[in-house]
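Have a look at the structure below before the remarks.
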Amino acid sequence: QVQLVESGGGLVQPGGSLRLSCAASGSIFSTYTMAWFRQAPGKQRELVATITSSGSSNYADSVKGRFTVSRDNAKNTLYLQMNSLKPEDTAVYFCKGVPWPSSVQSGGYWGQGTQVTVSS
């Protein structure tokens with residue numbers, strides 16, 4: 001079983017930056033496809049970014065060019081660097097891990113979430 005713990009959320013002004021981290025327990029992190037999702041109040045949870053065990057990444061159109069997903073397999077940690085933040089990025093951000101070759105939309109392990117608020 002994999003346990004995921006997010007950190008790094010907070011309040012930031014529009015145009016600012018934050019880096020989220022997701023620490024994973026277990027020695028199988030390096031074989032998992034990892035993802036960041038977010039859920040804004042009153043909205044469905046949406047996929048933000050994914051990264052495979054080999055480091056290949058994909059992004060939602062709404063964050064392309066502003067967010068960067070990365071991972072450090074030696075530290076069992078997933079990251080999300082968020083730049084040029086907008087008020088519409090306000091949400092609870094969740095990390096998720098699924099064993100390869102499962103889709104990130106299928107069952108897997110979720111973190112508890114971290115709140116990101118973009119406001120002046």
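Positions are given from 1 along the sequence.
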[X]: partners by side-chain hydrogen bond (donor to acceptor under 3.5 Å, both in side chains), with sequence neighbours left out:
X: Asn76; value: none
X: Arg19; value: none
X: Thr117; value: Gln115

Do any side-chain atoms of residues 79-88 form donor-acceptor pairs under 3.5 angstrom with protein atoms, and if so which ones, sequence neighbours left out?
| unit_1 | atom_1 | unit_2 | atom_2 | d |
| --- | --- | --- | --- | --- |
| Gln81 | NE2 | Asn83 | OD1 | 2.9 |
| Asn83 | OD1 | Ser17 | OG | 2.9 |

Would you compute the distance between atom [atom1] of [X] and atom [atom2] of [Y] and round it to the nearest 0.5 angstrom?
X: Tyr93; Y: Leu20; atom1: OH; atom2: CG; answer: 7.5 Å
X: Arg71; Y: Ser30; atom1: CZ; atom2: OG; answer: 7.0 Å
X: Cys95; Y: Glu6; atom1: SG; atom2: CD; answer: 4.0 Å

ILVMFWY network linking [X] to [Y], side-chain heavy atoms under 4.5 angstrom:
X: Leu18; Y: Phe94; value: no
X: Val98; Y: Val2; value: no
X: Val92; Y: Leu4; value: no

- Item | Test item: Ser106 side-chain N/O and Val104 main-chain N/O as donor-acceptor pair under 3.5 Å | no
- Are the side chain of Thr90 and the backbone N or O of Val118 linked by a donor-acceptor pair below 3.5 Å? yes
- Query: For the rings on Phe37 and Trp110, is their centre-to-centre separation under 6.0 Å?
  - Reply: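 Yes.
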- Message: Measuring only between side-chain heavy atoms, which start at C-beta, is Tyr109 closer than 4.5 Å to Gln3?
- Response: no
- Query: Does some side-chain heavy atom of Asp89 sit less than 4.5 Å from a side-chain heavy atom of Arg38?
  - Reply: yes
Return a table of donor-acceptor pairs under 3.5 angstrom between the side chains of residues 50-57 and protein atoms on other chains or two or more places apart.
| unit_1 | atom_1 | unit_2 | atom_2 | d |
| --- | --- | --- | --- | --- |
| Thr52 | OG1 | Ser54 | N | 3.4 |
| Thr52 | OG1 | Ser54 | OG | 3.0 |
| Thr52 | OG1 | Gly55 | N | 3.4 |
| Thr52 | OG1 | Ser56 | N | 3.1 |

Over all atoms of both residues, closest heavy-atom pair of [X] and [Y]:
X: Trp36; Y: Leu47; value: O-CD1, 3.6 Å
X: Ser120; Y: Pro14; value: N-CD, 3.7 Å
X: Val69; Y: Tyr59; value: N-OH, 2.9 Å

- Output the rest of the hydrophobic cluster of Leu11: all Ile, Leu, Val, Met, Phe, Trp and Tyr residues reachable through side-chain heavy-atom contacts under 4.5 Å, sorted by chain and number. none
